[in-house]
Amino acid sequence: MTQYWGYDTFLPLQKEAMECIVQGQDSVVVLPTGGGKSLCFQAPAAIMKGLTLVISPLISLMKDQVDALTEVGVPAARLDSSLSVAEQNAVFTAIQDKTIKLLYLSPERLVSESFLEILLHTELSFIAIDEAHCVSMWGHDFRPEYRQLGLLKQKFPDITIAAYTATATEQVREDIAEQLHLKDCQMLVGSFDRPSLVYKVQPRNNILKQVCTVLERHKNESGIIYCIRRKDVDQLCVNLKDHGYNAVPYHAGMTNEGRKKNQDRFINEKVDIIVATVAFGMGIDKSNVRYVIHTGMPKSLEHYQQESGRAGRDGLEAECCLFYSWGDYGIWKSLMRDMPAEAQKSAMLKLQEIYNFCTGGVCRHKTILQYFGQDLAKDSCNACDICLGELECIKDELITSQKILSCIMRLDQRFGGEYTALVLTGSQEKRIIENNHHNLSTYGLLGDYSKHTVHGWIEQLVGQGCIEKTGEYNVLTVTPKGWTVLKDKEKPRLLKPTERPAKVSKVVNDSWDGVDKGLFGILRKLRAQIAGQSKVPAFIIFSDAALRDMARRKPTTRETLLEVKGVGEKKCKQYGQVILSAIKDYCQENVYYEDFEG
Ligand code: ADP
């Protein structure tokens, strides 16, 4: 692992996952995005006898991984429909001559009769199945072709199978083991927490300004901006250009070529910003995405975790900003109107959960983890707007909450959020007068605030479990937790209703500690040049973590360069000289500068 990849420590569960393979035990490995799943099978494959098969659903994923393996000096190839006949024949020859250690292929290809025939005469080490949730109907991305992989145990009863996924639910996990007929399967489930992601969630008010504030914090860094609708993507791109940002669009309404071109420009760091619908993302392995912005609320926390999870795959800190509004809730709800009743019920529940996540004042990491049935081991994540204390609350939270809750009680728990807000703000609307609600003792109690603000607080109390919305009309009812607030036993959090720019977050780890940012910038440019020449994405040449470590240690010899995290023998040989001379030049210039100043 050190020789090829330059890593000398394991990420959580990597060692256990590798041990399963070496000991011949079937396994299902569930690790979050960026958890280092690839290395779990690549490292054993590099040292074990025979050929390792890796099943992957997407050509782009296969290509990235084969490129990365080739870069570190592990011989690998892929077999897919984009290869010419001559290229495919070359792969068959490589299999026969045993000159490759890993072969990436699609499930359809693997189970084709002719290919199985070849494999029966090939020495196999083990079979790795990437994105294994595609096997399960319960997963979010079921693919019927994956079902055929059930055949593998029958055809190769003695070959170990290792399945990998980032999908968390237990139902999917169990289903994977069952569908693949795994024997005595070891389940390795990692924590779903991504401590290096800093979550920030704010109501949307001036989206362009809000987005630009985030972009200012991430100059010259790669990021994804998600919009719900295609037309929002196009509009935001135009607006950002007007503000001097170079952003490219990506959505299903564009031609294949247009999409591919923009995706490549983003991956190869020709542009830093991609504005996209959720059509963008699957198969994008770019490890140094430093921020993901959502300009609207996704339809579930599962989706949010997937999309925001595309940030910081390299384990370095990254920011995930979500701007939401009550209107987003309405858009999704209307899109769900035609779903079958059962599916609609579950979709609505998920929608409510993400809305509560947005409006509630509970630690974002904790909420996401709880959604996946796990718990945060510490009291504060120190990496979300709530725990960093970035959200300013109103001073009289308890009294304001009590006014809202008692108004709901006075309304006999028979009205929705909007109506309750109207009563609290003392609206003269006809229906309120007709219902005689202008005579309630709680009428006009929050008359100093707008209806919008009070409605927002009501949602925040829903998010914190003090109020529940019930029935078709989202009628508000006070929960047992709400009663503890009414009895002064608990104080909920209500956000101050002013628009303020977000503060710069404290980084959650010290990954910039000691890094010479000037040198980092130079190395980043050098990496882009090398990537351009070798026609592979920049982050495959060196990760951001490796570049930062170089800019921290400033190695000037081959030996010290090898001490950098993420630099193995092959990369050292290939790029060592240019990197070392760039560092030397930089150091010399700096010394000169310091001397001059002195
Ligand atoms: P996943 O497939 O689980 O999303 P990847 O396999 O793409 O994750 O790995 C995420 C990042 O972590 C990559 O940049 C990879 O090089 C890095 N990585 C993997 N294993 C280690 C390790 N043991 N030490 C440091 N970095 C690692």
Side-chain angles (χ1 to χ4, degrees), residues 1-19 27-46 54-58 60-74 76 102 104 128-134 141 162-168 188-197 222 267 281-290 292 305-318 509 511 527 536-550 563-568 570-571:
M1 200 167 83
T2 312
Q3 183 196 342
Y4 292 115
W5 285 274
Y7 297 140
D8 45 19
T9 49
F10 294 102
L11 295 177
L13 293 183
Q14 272 185 333
K15 184 162 175 271
E16 292 78 355
M18 292 182 198
E19 278 168 358
S27 56
V28 172
V29 179
V30 189
L31 285 174
T33 307
K37 287 185 282 299
S38 325
L39 209 65
C40 295
F41 56 85
Q42 290 173 344
V54 184
I55 318 301
S56 178
L58 283 179
S60 61
L61 276 178
M62 296 188 206
K63 189 172 175 315
D64 276 355
Q65 293 218 356
V66 171
D67 284 350
L69 283 165
T70 314
E71 274 297 317
V72 295
V74 177
L102 291 100
Y104 283 74
I129 302 181
D130 210 359
E131 310 288 349
H133 54 275
C134 296
D141 197 18
Y164 300 86
T165 178
T167 298
L188 294 170
V189 184
S191 164
F192 276 82
D193 193 28
R194 302 273 310 274
S196 60
L197 297 187
S222 297
I267 288 175
M282 172 77 169
I284 304 296
D285 241 351
K286 187 170 165 58
S287 68
N288 61 343
V289 173
R290 295 269 69 87
V292 171
Q305 196 239 11
Q306 284 269 327
E307 289 150 28
S308 61
R310 292 184 180 127
R313 292 176 71 114
D314 52 13
L316 302 180
E317 81 284 349
N509 56 30
S511 50
R527 177 179 67 174
V536 290
F539 61 90
I540 283 184
I541 306 283
F542 285 118
S543 67
D544 272 20
L547 285 199
R548 285 191 201 177
D549 208 26
M550 286 176 203
E563 284 169 14
V564 168
K565 257 193 183 156
V567 180
K570 172 142 187 247
K571 290 203 177 176

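Order of listing sets the numbers, starting from 1, for every ligand and every atom in it. Heavy atoms only: backbone and side chains are in, while hydrogens, waters and symmetry mates are out.
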Does a donor on one side chain sit under 3.5 Å from an acceptor on the other, for Q65 and S56?
->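 Q65 vs S56: no donor-acceptor pair found between side chains.
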If you round to the nearest 0.5 Å, how far is [atom2] of [Y] from [atom1] of [X]?
X: Q305; Y: T33; atom1: CD; atom2: OG1; value: 6.5 Å
X: D314; Y: S196; atom1: CG; atom2: OG; value: 8.0 Å
X: R527; Y: S543; atom1: CZ; atom2: OG; value: 7.5 Å
X: L316; Y: L547; atom1: CG; atom2: CG; value: 10.0 Å

Any nitrogen or oxygen of [X], main chain or side chain, under 3.5 Å from a nitrogen or oxygen of ligand 1?
X: K37; answer: yes
X: Q14; answer: yes
X: T33; answer: no
X: G35; answer: yes
X: S38; answer: yes

How close does the nearest protein non-hydrogen atom get to [atom], and which residue and atom is it?
atom: atom 8 (O) of ligand 1; value: G36 N, 3.1 Å
atom: atom 11 (C) of ligand 1; value: R313 O, 3.3 Å
atom: atom 18 (N) of ligand 1; value: Y7 CE1, 3.6 Å

Hey, is G315 one of the residues with a heavy atom under 4.0 angstrom from ligand 1?
->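 For ligand 1, residue contact (heavy atoms, under 4.0 Å) with G315 is absent.
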Take atom NZ in K570; do more than 12 heavy atoms of anything else shown fall under 6.0 Å from it?
-> yes
Which atoms of ligand 1 have any heavy atom of [X] under 4.0 Å away?
X: P32; answer: 3 (O)
X: T9; answer: 22 (C), 23 (N), 24 (N)
X: L39; answer: 20 (N)

Under 4.0 angstrom from atom 15 (C) of ligand 1, is there any protein heavy atom?
->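 For atom 15 (C) of ligand 1 the answer is yes, since some protein heavy atom falls inside 4.0 Å.
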Among V54, D64, L102, which one satisfies side-chain contact (heavy atoms from CB on, under 4.5 Å) with L69?
->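 Single side-chain contact (heavy atoms from CB on, under 4.5 Å) partner of L69 among V54, D64, L102: L102.
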Only one of V28, T165, I55 passes side-chain contact (heavy atoms from CB on, under 4.5 Å) with I129; say which it is.
->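 Result: among V28, T165, I55, I55 is the only option passing the side-chain contact (heavy atoms from CB on, under 4.5 Å) with I129.
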Which atom pair, heavy atoms only, marks the closest approach of I267 to P537?
-> CG2-CB, 3.4 Å
